[in-house]
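Computation of the quantities below employed the complete heavy-atom set of this structure, encompassing side-chain atoms and omitting hydrogens, waters and symmetry-equivalent molecules. Residues take their numbers from the sequence shown, with the count starting at 1. In each ligand, atom 1 is the first atom listed, and ligand 1 is the first ligand listed.
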Amino acid sequence: MISKPPGIEDIFPDSIEQWNYIIRTAREVFRLFNIREIIIPILEFTEVFARSIGDETDIVSKEMFTFEDRGGRSLTLRPEGTASVVRAYVENGDYNRLSSCKLFYIGPMFRAERPQKGRLRQFNQFGAELFGSAHPFSDFEAIACMDLIAKRVGIHNYTLLINSIGCTECRPKFIEKLTQYYRAHTAQLCSDCLRRLEKNPLRILDCKTETCVQLKGSAPPISEFLCQSCMVHHRELKNILVENSIAFTESPHLVRGLDYYTRTTFEFVTGEGSQNAFAAGGRYDNLVELFGGKPTPAVGFAAGIERILLLLNNQLHLNPTLDVYIVHSGDVAFIEARKLTMKLRECGISVDMEAESKGFRSQFKKADRENAQIVIIIGEEEIENAKYSVKNMISGLQETISRESIIEHVKQTIRTKK
Ligand code: HAM
């Protein structure tokens, strides 16, 4: 048997109904916010991610699936969607000429993380990127959009964490203080953070090592260093959230694992396990320029579909149903069953049947497993009398219906059920 690589999952029909429900809900909410779909490539030049996410982040330094193509160019399986959307936005003049532009994407992302529950190497995200406005209302729209999706899919008891990590004006002062703080505590830092202290001290706040997490508790909060305009921006975002009854908790050390953020960062978390963020995002006002575009403020978020599925697993029961299952016995009945199957399908009724001669019992079992609403039985007796036995699996009622009226009868039964 050839198995799948670690951290990569198959998604079988049992969870596909929930999967599609989550995506349908997200798409519907994106429509409400006038956010339009973009399909971005799964493979990009490595530079797209290295430049934007940052060399010192875990994603770029240890988690990317990177390889050389035959021409010796370095390609990477996308670890996230933001960098690709920005690359596409800058590359396509029609879109970046628009004063504002709101895009969403859905698809697989790849990170070589240590696999565990809720942490995969191939996982799926839906996300949105809103270009063109520096106003906190735009940050609010990104947060409110994710909040509505969470509520509509039925996630309860989550917390929205927010923070501002300032801008290029005010952050250097904070980083100076942060460096001083960590220099005084190097004995408690992990080896990765000792390196980060020299190269990118902000990343220490994102470290998951126990001693580093403990140290973070007493680290200086960035809120004390924000410049006037970052402070006003953050205050205004909080006002808009309050105005619209979206509850939040301030999280003064929330920096997120990607280097491109400016000002707002946020996460939607639940109390369960260490992989507790099911969605996250923030503002990235310098990224479009970094990709060679004209300076364009932007904000966005992404959610992990598998993490949402884990949260909903015990709550959401969406059993797929089949309208009709045809049970047949004998060669003539087999032919008759095949013809009836196709006639019903042409009328828009979902039908299935066994493609080989099998016992009644095993066929009834299959009908049960497929959650069939009606079972039509065609055996020798039914052929002889030109009548079918029809069992309504919901009411348990069994009737005999003539061959001529069977399609009408099925249509009627399905219609009354719906
Ligand atoms: P992120 O926090 O790296 O942000 O990922 C967003 C979400 O993707 C996480 O909250 C989590 O639900 C899911 N996720 C991430 N890694 C894994 C994994 N290994 N296994 C399963 N699920 C995972 C971003 O990706 C940013 N691009 C978000 C953003 C958009 N910021 C601005 N715009």
Please determine, by modelled atom types, if Tyr89 and Glu129 share a side-chain donor-acceptor pair under 3.5 angstrom. no
Do the side-chain N and O atoms of Tyr260 and Thr82 include a donor-acceptor pair separated by under 3.5 angstrom? yes
Considering only protein heavy atoms, which is closest to atom 19 (N) of ligand 1, and at what distance to one decimal place? Glu113 OE2, 2.6 Å
Around atom 11 (C) of ligand 1, find the nearest protein heavy atom and jot down its residue, atom name and distance. Arg307 NH1, 3.4 Å
Taking N or O atoms only and a 3.5 Å limit, does Ile59 qualify as a polar contact for ligand 1? no
Is the shortest heavy-atom distance from the side chain of Ser164 to the side chain of Ile222 under 4.5 Å? no
Can you find a side-chain donor-acceptor pair between Asp323 and Ser350 that sits under 3.5 Å? yes
Do Tyr325 and Gln363 get their side chains close enough for a donor-acceptor pair, meaning under 3.5 Å? no
Check if Glu306 has a non-hydrogen atom at a distance under 4.0 Å from any atom of ligand 1. no
CA sep, side-chain torsions, deciding dist, call: Thr76, Glu44, side-chain contact (heavy atoms from CB on, under 4.5 Å): CA-CA 6 Å; Thr76 291; Glu44 296 268 8; 6.0 Å; no
Between Tyr261 and Tyr284, ring centroids under 6.0 Å: no
At a 4.0 Å cut-off, with the gap strictly under it, does some heavy atom of Ala279 reach an atom of ligand 1? yes
Do Gln228 and His233 have side-chain N/O donor and acceptor atoms under 3.5 Å apart? no
Do any N/O atoms on Phe301 end up under 3.5 angstrom from N/O atoms on ligand 1? yes
Atom 14 (N) of ligand 1 - nearest protein heavy atom and its distance: Phe123 CE1, 3.5 Å
Atoms in ligand 1 with a heavy atom of Glu129 nearer than 4.0 Å: 30 (C), 32 (C), 33 (N)
For ligand 1, find out whether one of its N or O atoms is nearer than 3.5 Å to an N or O atom of Tyr261. yes
Heavy atoms, side chains only, cut-off 4.5 Å: are Trp19 and Asn124 in contact? yes
Note the single closest protein heavy atom to atom 27 (N) of ligand 1, along with its residue, its atom name and the distance in Å. Glu80 OE1, 2.5 Å
Would you say Asp58 and Arg203 make side-chain contact, with heavy atoms under 4.5 Å? no
Can you find an N/O atom of Tyr105 closer than 3.5 Å to an N/O atom of ligand 1? no
Any N/O pair Ala128/ligand 1 closer than 3.5 Å: no
With only distance considered, is Ala277 within less than 3.5 Å of ligand 1 through an N or O on each side? yes
Do Tyr105 and Arg78 come within less than 4.5 Å of each other through their side chains, counting heavy atoms only? no
Between Ser229 and Arg263, is any side-chain donor less than 3.5 angstrom from a side-chain acceptor? yes
Side chain, backbone, both or neither: which part of Gln125 has a heavy atom under 4.0 Å from ligand 1? side chain
Quick one: look up the protein heavy atom nearest atom 30 (C) of ligand 1 and list residue, atom name and how far away it is. Thr82 OG1, 3.0 Å
For ligand 1, find out whether one of its N or O atoms is nearer than 3.5 Å to an N or O atom of Arg119. no
Is ligand 1 under 4.0 Å from a heavy atom in the side chain of Phe278, in the backbone, in both, or in neither? backbone
So for ligand 1, is Leu258 a polar contact partner (N or O within less than 3.5 Å, distance only)? no
Which of the atoms in ligand 1, numbered in the order shown and given with their element, are less than 4.0 Å from a heavy-atom of Tyr260? 26 (C), 27 (N), 31 (N)
If we number the atoms of ligand 1 from 1 as shown, the ones under 4.0 Å from a heavy atom of Leu120 are 18 (C), 19 (N), 20 (N), 21 (C)
Tell me whether ligand 1 is touched by Gly282 - counting only heavy atoms on the residue side and a distance under 4.0 Å. yes
Salt bridge (charged side-chain N to carboxylate O under 4.0 Å, His left out) assessment of Glu113 paired with Arg119: CA-CA 7 Å; Glu113 297 198 70; Arg119 194 205 278 163; 3.6 Å; yes
May I ask which of Gly304, Gly118, Pro115 has a heavy atom nearer to atom 21 (C) of ligand 1 than the others do? Gly118
Give the contacting part of Arg256 toward ligand 1: side chain, backbone, both or neither, where contact means a heavy-atom distance below 4.0 Å. side chain
Classify the side-chain pair Asn276/Thr270 by whether it contains a donor and acceptor separated by less than 3.5 Å. no
